[in-house]
Amino acid sequence: MGLALRHAHRWDLSPREAAGLQARLRPLVLAEDALPAEIRAVAGVDVGFEDRGRITRAAVAVLDFPSLRLIDQSIVRQPTCFPYIPGLLSFRELPALLEALERLNFLPELILVDGHGYAHPRRFGIACHLGVLTEIPTIGVGKTRLVGTHGELAEERGSWIPLIDSDEIVGAVVRTRRGVQPVYVSVGHRLSLSTAVDWVLRCAPRYRLPETTRQAHRLASD
DNA sequence: GCGACAG
DNA sequence: ATCTTGTCGC
């Protein structure tokens with residue numbers, strides 16, 4: 001309860017129609033800080049698959065901030081409705097994820113998504129899509145690159161450099177832990193890139209991936 | 001036509 | 001994402 005979809009739409013679209021919808025929703029993304037003054041709960045969302053991909057399992061882990069203790073969770077299983085197509089990930093994972101969010105007892109003020117946000121071919125990755133539909137601030141945290149190039153990143157935790165695509169800064173390559181591969185951070189909705197990087201570092205005090213993502217992944221996997 | 005390609 | 005054993009390093 002409490003979750004009101006601002007721009008709900010149909011999900012039974014062809015890949016071509018899906019790409020067109022992304023272009024239509026893209027202008028709704030706000031890449032400026034518009035978060036609540038106090039953030040008490042941060043959530044991580046992730047999706048796993050069963051039965052060789054026929055079943056989609058979406059999970060949401062809500063953590064108290066700054067303790068990062070799990071305070072609420074939700075797991076939803078649904079028949080998979082869309083194939084995996086690079087650039088159209090949200091049409092495969094969001095239906096189940098939105099259902100999981102609706103079943104939450106406590107809504108978070110910020111969501112870290114497993115996948116890119118603005119660092120996307122049409123600047124509308126799954127983090128942007130989820131943010132625009134729910135109006136909850138979101139951050140895209142990818143484990144691998146979808147678009148863009150970047151230079152050498154310093155080794156120390158906390159260092160970051162811009163991710164550039166078509167002469168535009170679309171995200172940041174962030175070192176959340178020394179000696180491990182960086183993560184790709186980008187704006188989802190209602191915050192700036194630097195604020196997004198700050199929150200990812202605050203939520204990933206020890207491991208490569210944010211605690212939010214780790215918890216959600218655990219729920220969506222085993 | 002030849003690669004690249006989130007999860 | 002998922003299918004899968006051992007292995008290198010702190």
Side-chain angles (χ1 to χ4, degrees), chain A residues 11 15-16 18-19 21-23 25-26 29 43-61 75-101 111-132 138-150 155-157 163-166 168 170-189 193 196 200 204 206-210 212-222:
Chain A
W11 293 98
R16 171 168 226 160
L21 179 58
Q22 292 181 321
L25 297 178
R26 176 174 62 180
V29 170
V45 297
D46 192 23
V47 168
F49 297 90
E50 301 173 9
D51 194 21
R52 291 193 310 170
R54 285 190 273 270
I55 297 296
T56 294
R57 182 172 46 200
V60 182
I75 302 176
V76 162
R77 297 169 76 257
Q78 289 183 359
T80 300
C81 65
F82 199 84
Y84 169 66
I85 300 175
L88 299 178
L89 181 66
S90 62
F91 294 89
R92 177 177 174 80
E93 305 192 339
L94 279 193
L97 230 33
L98 289 170
E99 178 63 37
L101 281 168
I111 301 175
L112 272 62
V113 183
D114 68 316
H116 299 101
Y118 195 76
H120 175 277
R122 289 171 292 282
R123 307 293 184 257
F124 197 74
I126 186 170
C128 297
H129 202 156
L130 179 60
V132 165
T138 57
I139 298 174
V141 184
K143 296 184 289 295
T144 60
R145 187 189 64 82
L146 175 59
V147 297
T149 59
H150 62 82
E155 288 299 322
E156 62 263 46
R157 168 188 146 74
L163 174 65
I164 298 178
D165 185 48
S166 301
E168 176 185 22
V170 298
V173 186
V174 184
R175 190 82 74 185
T176 51
R177 176 175 181 168
R178 178 157 212 142
V180 300
Q181 288 298 107
V183 293
Y184 297 80
V185 178
S186 60
V187 167
H189 190 46
L193 179 58
V200 166
R206 179 162 187 199
Y207 300 106
R208 181 200 180 207
L209 298 180
T212 43
T213 304
R214 287 165 49 78
Q215 291 300 310
H217 188 278
R218 179 179 59 72
L219 295 174
S221 296
D222 67 40

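Reminder, nothing fancy here: chain letters follow the sequence lines and each chain counts from 1.
- Side-chain atoms of E99(A) do not come within 3.5 Å of backbone N or O of Q78(A) as any donor-acceptor pair.
- Reading DNA chain C from its 5' end, the first and the last nucleotide to sit under 4.0 Å from a heavy atom of chain A are dA1(C) to dT2(C).
- The backbone N or O of S221(A) sits less than 3.5 Å from a side-chain atom of R57(A), completing a donor-acceptor pair.
- A donor-acceptor pair under 3.5 Å links the side-chain atoms of H116(A) to the main chain of T144(A), judged by distance alone.
- Using a 4.5 Å cut-off on side-chain heavy atoms (C-beta onward), F49(A) and I55(A) make no contact.
- To the nearest 0.5 Å, the span separating CH2 on W11(A) from OG on S90(A) amounts to 5.5 Å.
- Between R175(A) and E156(A), none of the side-chain N atoms (NZ, or NE/NH1/NH2) sits under 4.0 Å from a carboxylate O, so this pair counts as no salt bridge.
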Run the numbers on E93(A) and V45(A) for side chain to side chain contact (heavy atoms under 4.5 Å, CB included), then give the verdict.
CA-CA 10 Å; E93(A) 305 192 339; V45(A) 297; over 6 Å; no
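- The aromatic rings of H129(A) and F124(A) lie tilted to each other, with the angle between the two planes from 30° to 60°.
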Writing each nucleotide of DNA chain C 5' to 3' as (, ), [, ], | or . by Watson-Crick or G-U pairing under 3.5 Å yields ..........
Using a cut-off of under 3.5 Å, enumerate the N/O to N/O pairs linking the protein to nucleotides 5-7 of chain B.
residue: dC5(B); atom: OP1; partner: R145(A); partner atom: NH2; Å: 2.0
residue: dA6(B); atom: OP2; partner: Y84(A); partner atom: OH; Å: 2.5
residue: dA6(B); atom: O4'; partner: H116(A); partner atom: ND1; Å: 3.3
residue: dA6(B); atom: O3'; partner: T144(A); partner atom: OG1; Å: 3.4
residue: dA6(B); atom: N7; partner: G87(A); partner atom: N; Å: 3.0
residue: dA6(B); atom: N6; partner: G87(A); partner atom: O; Å: 3.1
residue: dA6(B); atom: N6; partner: L88(A); partner atom: N; Å: 3.3
residue: dA6(B); atom: N6; partner: L89(A); partner atom: N; Å: 3.1
residue: dA6(B); atom: N6; partner: H120(A); partner atom: NE2; Å: 3.4
residue: dA6(B); atom: N1; partner: I126(A); partner atom: N; Å: 3.3
residue: dA6(B); atom: N3; partner: H116(A); partner atom: N; Å: 3.2
residue: dG7(B); atom: OP1; partner: K143(A); partner atom: N; Å: 2.8
residue: dG7(B); atom: OP2; partner: T144(A); partner atom: OG1; Å: 2.8
residue: dG7(B); atom: O3'; partner: D114(A); partner atom: OD2; Å: 2.8

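- Here the side chain of R122(A) pairs no donor or acceptor atom with the backbone of R26(A) at under 3.5 angstrom.
- Side-chain contact between D114(A) and H217(A): absent, with no pair of heavy atoms (C-beta onward) separated by less than 4.5 Å.
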